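Here's the structure we're looking at; comments come further down.
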Amino acid sequence: MKVSELFYSIQGEGKLVGVPSVFVRTSGCNLRCSFCDTPYASWEPEGEELSVDEIVQRVGEYGARHVVLTGGEPMIMAEIVELCERLKGRGHHLTMETAATVYKEVRIDLASLSPKLANSTPHDREGGRFAAAHERRRMNVPVVQRFIGASPEFQLKFVVSGEDDLAEIRGVLGRLRGWTPADVLLMPEGTDAGTLDARAGWVSEVCKREGFRFCPRLHVHLYGNKRGT
Ligand code: SF4
């Protein structure tokens, strides 16, 4: 499968924030978010073709237990089921970072589900030519529900850019079962510490009011918005 980068860093988001982890970033995505912070794995996918054997070997060289499969959209990769099986067979803890628009039975420990809100639709990017397809695909509630039902642990991570995103989040949550407020993470949209800090105030207030988790982007604060981090 095409992999844009494979590196060892600190998990910056979600329930496992702070945990040293190996990241496998597959290249290619079925969405085109306006705010995508990894365009080299979505808008203009780059990378090298690696076999499952090569990925497992490179992951193993770091000697870490936690592995994060991310993208792009790892769930569209033809060999993703096999890759998860092989990594689990080596005793790794697996987090799957996905927009949850495609379901396959994958052997993982944490499903990090990030269904995309209307704020992600790229009306102003590349003349808006991807907007209609993105809008059709970005939210697939039945797929999100399947992940919730099938995963040992899950989190629902919403990227928020304004307080009016909350109405859409409430609407999505109202259609889902089996979650508690502690499973819901609100993450400010932004790729630099200044933007994240500027949004942290109102996002944290919403979290206090609703009982949701505030989701930082620790890696941005630690390293900046750089590849390989
Ligand atoms: S789903 Fe993720 S990788 Fe794909 S375009 Fe959106 S932010 Fe980028």
Side-chain angles (χ1 to χ4, degrees), residues 1-7 9 11-14 21 23-48 67-78 80 83 94-104 106 108 110-144 146-147 154-162 165 168-169 172 185-192 195-196 199 203 215-220 224-229:
M1 70 180 75
K2 197 171 196 174
V3 174
S4 64
E5 50 187 357
L6 195 160
F7 57 94
S9 188
Q11 173 59 282
E13 302 172 0
S21 307
F23 291 77
V24 180
R25 187 180 307 287
T26 62
S27 195
C29 189
N30 57 342
L31 300 182
R32 293 289 185 276
C33 298
S34 57
F35 50 65
C36 184
D37 59 352
T38 54
Y40 51 92
S42 58
W43 286 83
E44 292 167 34
E46 303 170 3
E48 57 177 327
V67 177
V68 181
L69 301 170
T70 186
E73 175 51 80
M75 290 302 299
I76 64 173
M77 296 293 147
I80 196 67
L83 178 60
L94 285 192
T95 298
M96 177 69 73
E97 296 277 355
T98 175
T101 60
V102 175
Y103 184 79
K104 293 172 187 163
V106 282
I108 55 175
L110 172 63
S112 181
L113 311 171
S114 185
K116 295 299 182 280
L117 303 175
N119 64 20
S120 66
T121 302
H123 298 292
D124 300 327
R125 199 155 161 177
E126 295 197 12
R129 67 193 179 101
F130 288 108
H134 177 93
E135 190 58 30
R136 262 197 320 276
R137 293 182 192 140
R138 66 177 173 81
M139 183 63 67
N140 191 327
V141 172
V143 168
V144 178
R146 283 192 80 178
F147 273 111
F154 72 92
Q155 60 193 19
L156 284 160
K157 189 169 63 177
F158 294 101
V159 179
V160 292
S161 51
D165 292 335
E168 187 179 0
I169 292 170
V172 173
L185 290 75
L186 300 191
M187 186 170 81
E189 189 261 305
T191 54
D192 63 89
T195 304
L196 294 172
R199 289 180 166 153
V203 175
C215 182
R217 305 197 75 206
L218 177 63
H219 54 300
V220 174
N225 184 34
K226 288 204 296 247
R227 292 194 194 196
T229 60

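Since the structure is predicted, the reported quantities are computational estimates derived from the model, not experimental observations. Just follow the structure's listing: the first ligand is 1, and inside any ligand the first atom is 1.
The two atoms that bring Lys2 and Glu46 nearest to each other are CE-C, 3.8 Å, heavy atoms only. Of all heavy-atom pairs spanning Met1 and Ile80, the tightest one is CE-N, 4.1 Å.
In summary, Cys33 places an N/O/S atom under 2.8 Å from atom 6 (Fe) of ligand 1, meeting the contact criterion.
Shortest contact from atom 8 (Fe) of ligand 1 to any protein heavy atom: Cys36 SG, 2.3 Å. When hydrogens are left out, the protein atom nearest atom 4 (Fe) of ligand 1 is Cys29 SG, 2.3 Å; that is the closest non-hydrogen contact.
Near Gly72, with a cut-off below 4.0 Å to any heavy atom, the atoms of ligand 1 are 3 (S).
Taking the six-membered ring for Trp and thresholds of 30 and 60 degrees, Phe7 and Phe23 have nearly parallel ring planes, at less than 30 degrees apart.
For the residue pair Thr26/Glu73, the side-chain donor-acceptor check at 3.5 Å is not satisfied.
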